[in-house]
There are 2 protein chains.
Amino acid sequence: MEWTVWAAVERVAPELVRAMEHRVRVMQRIDAHAPIGRRALAQAMGQSERTLRTELEYLKQLGLVAASSSGVSLTPEGKALLGELEPLVAEIAGRSDLAWRVSSFLRIPRVIVVEGDADEDTWVTDRIGQAGSDVLSDVLQDGDIIAVTGGTTVAAVAKSMSAKPLRQRITVVPARGTVGEIVAYQANTIASELAAKLGGSSVLLQISDSLSQKALEQLLDDPYIQERLPIIRQATVVVHGVGDALAMARRRHATEEEIRLLQAREAKAEAFGHYFNAQGEVVYAMRTIGLRLDDVARARVVIAVAGGQRKAQAIASVANAYRIDVLVTDEGAARRILQLETPAGKERVEHGSEGWH
Amino acid sequence: MEWTVWAAVERVAPELVRAMEHRVRVMQRIDAHAPIGRRALAQAMGQSERTLRTELEYLKQLGLVAASSSGVSLTPEGKALLGELEPLVAEIAGRSDLAWRVSSFLRIPRVIVVEGDADEDTWVTDRIGQAGSDVLSDVLQDGDIIAVTGGTTVAAVAKSMSAKPLRQRITVVPARGTVGEIVAYQANTIASELAAKLGGSSVLLQISDSLSQKALEQLLDDPYIQERLPIIRQATVVVHGVGDALAMARRRHATEEEIRLLQAREAKAEAFGHYFNAQGEVVYAMRTIGLRLDDVARARVVIAVAGGQRKAQAIASVANAYRIDVLVTDEGAARRILQLETPAGKERVEHGSEGWH
DNA sequence: ATCCTACGGGACGGAAAATGTCCCTTTCGT
DNA sequence: ACGAAAGGGACATTTTCCGTCCCGTAGGAT
């Protein structure tokens, strides 16, 4: 298969490609377990019985599967077709396996790996955003408070979130004050956009993240802050990007001294105003206003979105630092992560499926 | 592009491939006419403005098209992507062009060409059936009487018709009595199945098509027939297959004498109990009960479904014989048809678009 | 032999998405 | 200055999707 064309197809019609991949997976699973019951299959695929049923009915109409009293199986035709789809199957299985291995390696229950490398193709970030917004829609509950950080990847999540009628009461808040100059990638902007898409409200935090110690303390007494901060810190869902330590430090206009310090302490990642080394230990903390690490620990769901192999080390670091429930990343980062040294003294834990949608 | 895999993909997820092709077409059109208005584009694509709008909104979200005050255009990204999709574009354009040429050649307003050759791959018949059922759904109106003939292709149309809630009052009738032994491909069976799918009723005709002259005349006086025949002959929509003259004669257990006669008169096609030569002239007519040629002429829409290059000559013959509004065929037949000699003394006529769905 | 479980499949109501329809403001070209 | 045509918002309606409950049955275990 000429992957150039295929990659282009994925960009033109990602939902269709995903639907196709799903269908192939269903067929794979049927082939492996045939004959298998509809309900068992649905559970294995992590979807409702009814939706699977629709799919099966269609496949049946195409003459690719047949149902008997003991369950559904592939027809000879379906089997032959699955063989012809080998290259595609390999690709899907490969990415699924990748997700599984990253999940084990980082001890993150749910890992989603999209195709490509964000460092090489900027549009990969969009696909991470799509996958991220799907996950977010999936986990959202009524009354949730979503905290979002800044960054291009989180911005992509908000961008690709489909507008929903306001059925749930959702509040979106920025995890922290403002970092960087590009407004579109600031937490405030993203929170506002996401709230609009979800039909919820947003509580913004119009302060700079790089204030003097003194100014910060003054702010903490301010009614404006005192009113908003508690809401932010009660976030139930956290969607955050992961930054490379030095890159983030420079973006924040850190002093040369600070940068030297971070280098000396081998800081690898930045998140929520904290710098972490490879082992996930906090090596430097900025005194800022916003979501703290212990707030993150209290959140119901913590979603990390980050792609590109340059982010691999940073992702691994934060995975050691605090609980991450869902990681949405790309192939570039995933492969690089697996090349990193295994963190010593940490045993593997159970993990769930990497999840289809 | 490795067409082996692509063909397999088409069989596993034909609707998705079609949707994809449509999207690419939209992009092509935008690229060619940019900037173009939404309404103009919708009209050119033969779909409603609102549905196109949904598509455009999605394409916009993917960053492939951009809207300005003067209309929508492809973004540089979209342009680049369209370039990468070149093989696919060529394929689509090729088939579209094929349909256009067949449409001109046979003077059939609407021609749909699906991929493949029914003589080589039996599943191509299914795809013709799908396309046919789409067309049928498209043209159906309340109160319609659909007459169907027998044959595998028409059976495929009924098979792939999606079940509809009974919103329209539809009657389905067999065009003729019973031909051949395989029940599944008999007009009666097909009519019954189609009626069930459409939530309509069927009026069947339980008589053999190959009766003696005398028996036929007796039947014509029978109340059973007198009640049903007028309904059949009032059909407003006709869906019929096209048969090769000799093949059909043999299937009907024609005598050696008859076959020799057909050969002598250069019969090429059979339809509605009539045999036609290449010029579309009736060279032999069976005296049977059912839909007649002048009934076909009165129908609102006449749809012919037939594939495989062996049917090429037969299709061309019947196209000369009576009015066909829609032809659904495959590449194999289409290419072969264009190699046939142009019927002399017939000028080209205007034709519509080959139609997307 | 008989229970018992899991199978496919029918039916139906409510939720969600798609779509037809109408209107508005803006932006061009004339 | 004006009008045609652009994109986009809003909303009712249609259509599709999906959760849920149920049924008859086949096949394995008891």
Side-chain angles (χ1 to χ4, degrees), chain A residues 15-16 19 22-23 26 29-30 33-61 64-75 133-134 137-138 140 142 161-168 196-199 356-357, chain B residues 15-16 18-19 22-23 26 29-30 33-61 64-75 133-134 137-138 140-142 161-168 196-199 356-357:
Chain A
E15 4 75 74
L16 302 181
H22 179 243
R23 185 165 302 172
V26 170
R29 192 129 212 152
I30 293 175
H33 298 79
I36 182 176
R38 208 203 306 135
R39 296 169 237 262
L41 189 59
Q43 188 168 11
M45 303 290 302
Q47 62 179 340
S48 83
E49 184 207 323
R50 191 59 182 78
T51 52
L52 215 202
R53 195 166 156 186
T54 312
E55 186 98 16
L56 285 180
E57 272 158 7
Y58 190 73
L59 279 170
K60 207 161 57 181
Q61 185 171 314
L64 305 183
V65 313
S68 73
S69 67
S70 54
V72 293
S73 334
L74 290 191
T75 60
S133 65
D134 286 347
S137 304
D138 196 34
L140 273 191
D142 191 40
M161 176 66 70
S162 59
K164 302 226 186 320
L166 58 159
R167 201 154 306 264
Q168 303 175 117
K197 291 278 182 68
L198 292 172
W356 152 248
H357 74 168
Chain B
E15 6 69 84
L16 301 182
R18 277 195 283 173
H22 179 242
R23 187 165 301 173
V26 170
R29 192 130 212 148
I30 293 176
H33 297 80
I36 182 176
R38 208 203 306 132
R39 296 168 237 260
L41 188 59
Q43 189 169 7
M45 303 290 302
Q47 61 180 340
S48 82
E49 182 208 323
R50 192 58 183 81
T51 53
L52 215 205
R53 195 165 155 186
T54 312
E55 185 99 17
L56 284 179
E57 272 158 7
Y58 190 74
L59 279 171
K60 209 161 56 180
Q61 185 171 312
L64 304 183
V65 313
S68 72
S69 65
S70 54
V72 294
S73 333
L74 290 191
T75 61
S133 67
D134 286 347
S137 303
D138 196 34
L140 273 190
Q141 293 178 2
D142 191 41
M161 175 65 70
S162 58
K164 303 229 186 319
L166 57 159
R167 201 155 304 268
Q168 303 175 120
K197 292 277 182 68
L198 293 173
W356 152 246
H357 75 166

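Only heavy atoms go into these numbers, but all of them, side chains included; no hydrogens, no water, no symmetry mates. Lettering of chains follows the sequences in order, A, B, ..., and the numbering in each one begins at 1.
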Point to revise | Within residues 65-75 of chain A or reaching into it, pairs that qualify as salt bridge (Lys or Arg N to Asp or Glu O under 4.0 Å) - sequence neighbours excluded | key: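 Salt bridge (Lys or Arg N to Asp or Glu O under 4.0 Å) check on residues 65-75 of chain A returns no pairs.
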
Review point. On a plain distance test, is the side chain of B:Arg53 in donor-acceptor contact with the base of C:dG20 below 3.5 Å?
Key: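 By the distance-only test, no, there is no pair.
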
Review point. Are any of A:Lys60's side-chain N or O atoms less than 4.0 Å away from OP1 or OP2 of C:dG9?
Key: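 Yes, such a contact exists.
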
Starting from [atom2] on [N], measure out to [atom1] on [X] and report it in whole angstrom.
| X | N | atom1 | atom2 | value |
| --- | --- | --- | --- | --- |
| B:Leu56 | D:dG9 | CG | P | 14 Å |
| A:Leu198 | C:dA16 | CG | P | 14 Å |
| B:Leu41 | D:dG7 | CG | C1' | 13 Å |
| B:Ile30 | D:dA6 | CD1 | C1' | 14 Å |

Practice item. Applying side-chain contact (heavy atoms from CB on, under 4.5 Å), name anything that partners A:Ser69, two or more places apart in sequence or on another chain. Key: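 Checked A:Ser69 against side-chain contact (heavy atoms from CB on, under 4.5 Å); zero matches.
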
Check your understanding: What pairs with A:Thr54 under side-chain contact (heavy atoms from CB on, under 4.5 Å), at least two apart in sequence or on another chain?
Key ->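 A:Thr54 satisfies side-chain contact (heavy atoms from CB on, under 4.5 Å) with A:Arg50 only.
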
Review point. Would a distance-only check, ignoring hydrogens and angles, find a side-chain to backbone donor-acceptor pair under 3.5 Å from B:His33 to B:Arg29?
Key: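 Here the side-chain-to-backbone pair exists.
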
**Study point:** Bend angle of the helix from C:dA1-D:dT30 to C:dT30-D:dA1, from helix axes over five pairs at each end, nearest 10°
**Key:**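 Axis angle across the helix from C:dA1-D:dT30 to C:dT30-D:dA1, nearest 10°: 30°.
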
Using a cutoff of under 3.5 Å, can you pull out all pairs of nitrogen or oxygen atoms linking the protein to nucleotides 17-19 of chain D, with atom names and distances?
residue: D:dG19; atom: OP2; partner: A:Ser48; partner atom: OG; Å: 2.4
residue: D:dG19; atom: O6; partner: A:Arg50; partner atom: NE; Å: 3.1

Between the protein and nucleotides 25-30 of chain C, which nitrogen or oxygen pairs are less than 3.5 angstrom apart?
residue: C:dT27; atom: O3'; partner: B:Ser69; partner atom: OG; Å: 3.1
residue: C:dC28; atom: OP1; partner: B:Ser69; partner atom: OG; Å: 3.1

